[in-house]
J.: 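Take this structure, written in structure tokens, and hold onto it; I'll ask about it next.
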2 protein chains.
Amino acid sequence: MSSRSYVRLSASLLSDPSVAALAETFKVLGDTTRVRILDVLSRTELCVQDLAGVLGLTPSAVSHQLRLLRTSRLVRTRRDGRQIFYALDDDHIVGLFRQGLEHVQEL
Amino acid sequence: MSSRSYVRLSASLLSDPSVAALAETFKVLGDTTRVRILDVLSRTELCVQDLAGVLGLTPSAVSHQLRLLRTSRLVRTRRDGRQIFYALDDDHIVGLFRQGLEHVQEL
DNA sequence: TGCACATATGAGCAGTCGCTCATATGTGCG
DNA sequence: CGCACATATGAGCGACTGCTCATATGTGCA
């Protein structure tokens, strides 16, 4: 392949910011704890201590992970008294899970 | 939430192996170098040195990443003489990228 | 066969990750 | 207000990641 072709191919690739944002999103999804959290939240809204209860983790560990998920706009929060309820922020995550599972299941 | 409800919710969640496989797949996608490699391969089949040329990386670095992608069944190989050509192994990756970009673009 | 090229692999190092533990912030209620 | 509860945050530790550099494996050709 000529270096001239490198240039032509490069011009059609994803931009650096897109690549970074995409990788960042997948990185957040690439951890069993966060997958489990998102799986739970795809079924019901839940507060931190209940998430911890369901998943068998400390509230602190869950809170740390939720911060990441919040920063990535994967979950949103709603305060009700002392508790803060978490829910999925958009439907793309469910789509990503479904598509990811399809890939996984054909191994 | 009662501990009885924990049990009910838990029963409907993804199995541990599914969670592990899903997280593993996303983890592989969660790196800019691998995203760039897959982006290139979504447009054309390419051998290691040309991938390195396009991406401005050493052939060794590319080869290390390709091994991961191979193990995860995200790319497949075809030998032609001394060169080994890499291509996407299935269409789900393109779908995952598209879905991921949709999420990213609404930030 | 022997040499050059293409790719793969292993060791090792700097940077990152996910947890725990301690502590801070924020809210409701007496 | 003052205390208990719910959540968030920071430091720090062991485990892991992605690269480089050196080396091994595999292929084509004289």
Side-chain angles (χ1 to χ4, degrees), chain A residues 1-3 6 16 19-20 22-41 45-87, chain B residues 1-3 6 16 19-20 22-41 45-87:
Chain A
M1 194 189 218
S2 72
S3 70
Y6 286 178
D16 283 359
V19 167
L22 200 50
E24 190 54 39
T25 297
F26 285 131
K27 190 182 295 184
V28 171
L29 297 177
D31 171 80
T32 55
T33 299
R34 291 190 290 271
V35 165
R36 292 172 72 214
I37 290 174
L38 293 170
D39 185 31
V40 171
L41 296 182
E45 179 188 60
L46 225 54
C47 65
V48 178
Q49 60 180 347
D50 282 347
L51 268 170
V54 172
L55 300 176
L57 297 169
T58 67
S60 177
V62 172
S63 181
H64 274 295
Q65 299 296 8
L66 285 171
R67 176 157 54 148
L68 254 183
L69 295 172
R70 236 184 303 130
T71 304
S72 309
R73 297 265 194 279
L74 292 171
V75 301
R76 62 184 151 71
T77 62
R78 172 179 72 79
R79 182 181 277 278
D80 181 13
R82 273 177 292 196
Q83 305 182 92
I84 298 186
F85 285 84
Y86 280 81
Chain B
M1 194 189 219
S2 72
S3 69
Y6 286 179
D16 283 359
V19 167
L22 200 50
E24 190 54 39
T25 297
F26 285 132
K27 189 182 294 183
V28 171
L29 298 177
D31 171 81
T32 54
T33 299
R34 291 189 291 270
V35 166
R36 293 172 71 214
I37 289 174
L38 293 170
D39 184 32
V40 171
L41 296 182
E45 179 187 61
L46 225 54
C47 65
V48 178
Q49 60 180 346
D50 282 348
L51 268 169
V54 170
L55 300 175
L57 297 169
T58 66
S60 176
V62 172
S63 182
H64 274 295
Q65 299 296 9
L66 286 171
R67 175 158 54 150
L68 254 182
L69 296 172
R70 235 184 304 131
T71 304
S72 309
R73 297 264 193 278
L74 292 171
V75 300
R76 63 183 150 70
T77 61
R78 173 179 72 78
R79 183 181 275 280
D80 181 13
R82 274 177 292 197
Q83 306 182 91
I84 298 186
F85 284 85
Y86 281 81

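So you know, we letter chains A, B, ... as the sequences are listed, proteins then strands, and number each from 1.
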J.: Given the rule in the side chain to side chain contact (heavy atoms under 4.5 Å, CB included) test, do B:Val75 and B:Leu38 qualify, once you have shown the distances and angles that lead to the verdict?
T.: CA-CA 8 Å; B:Val75 300; B:Leu38 293 170; 3.8 Å; yes
J.: Kindly give the atom pairs (protein nitrogen or oxygen, nucleotide nitrogen or oxygen) under 3.5 Å for nucleotides 11-17 of chain D.
T.:
none

J.: Indicate yes or no: at least one non-hydrogen side-chain atom of B:Leu74 is less than 4.5 angstrom from one of B:Leu29.
T.: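 B:Leu74 reaches B:Leu29 side chain to side chain.
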J.: Which comes earlier along DNA chain C counting from the 5' end, the contact point of A:Asp80 or that of A:Ala61, where each point is its nearest nucleotide?
T.: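 Nearer the 5' end of the strand: A:Ala61.
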J.: State, to 0.1 Å, how close B:Arg34 and B:Lys27 come at their nearest heavy-atom pair, and which atoms those are.
T.: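 Minimum heavy-atom contact is NH2-O, 3.4 Å.
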J.: Nearest heavy atom decides the nucleotide; on that basis, is B:Ser60 or A:Gly81 closer to the 5' end of DNA chain C?
T.: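 With B:Ser60 and A:Gly81 compared, the 5'-side residue is B:Ser60.
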J.: Taking side chain to side chain donor-acceptor pair (under 3.5 Å) as the definition, give me every residue that meets it alongside A:Asp31, ordered by chain and number, with sequence neighbours left out.
T.: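 With neighbours one apart ignored, the set is empty.
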J.: Quick check: do A:Thr33 and A:Leu55 have side-chain heavy atoms less than 4.5 Å from each other?
T.: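 No, their side chains stay 4.5 Å or more apart.
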J.: Does B:Leu69 reach the side chain of B:Leu66, with side-chain heavy atoms less than 4.5 Å apart?
T.: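 Heavy-atom side-chain distance check passes, below 4.5 Å.
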J.: Mark yes or no for whether B:Ser63, through its side chain, and B:Pro59, through its backbone, hold a donor-acceptor pair below 3.5 Å.
T.: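 Checked: no pair found.
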J.: From the 5' end of DNA chain C to its 3' end, which nucleotides mark the outer limits of contact with chain B, defined by a 4.0 Å heavy-atom distance cut-off (strictly under)?
T.: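 That gives a stretch of C:dA4 to C:dG10.
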J.: Classify A:Tyr86 by what it touches in the nucleic acid, base, sugar-phosphate, or nothing, heavy-atom distance under 4.0 Å.
T.: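 Touches sugar-phosphate only.
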J.: Under the side chain to side chain donor-acceptor pair (under 3.5 Å) rule, collect the residues that match up with B:Arg70, sequence neighbours excluded.
T.: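 Counting only residues at least two positions away or on another chain, B:Arg70 forms a side chain to side chain donor-acceptor pair (under 3.5 Å) with B:Tyr86.
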J.: Can you sort out the partners of A:Glu24 under side chain to side chain donor-acceptor pair (under 3.5 Å), two or more places apart, ordered by chain and number?
T.: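 A:Glu24 satisfies side chain to side chain donor-acceptor pair (under 3.5 Å) with no other residue.
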J.: Within the 4.0 Å heavy-atom criterion, would you say A:Thr33 contacts the bases, only the backbone, or no part of the nucleic acid?
T.: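 Here A:Thr33 touches the backbone only, sparing every base.
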J.: Can you check whether B:Leu41 reaches B:Leu51 side chain to side chain, under 4.5 Å on heavy atoms?
T.: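 A side-chain contact exists here, since the closest heavy-atom pair is under 4.5 Å.
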J.: Among residues 45-57 of chain A, which contact DNA chain C at a heavy-atom distance under 4.0 Å?
T.: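 Output list: empty, so none.
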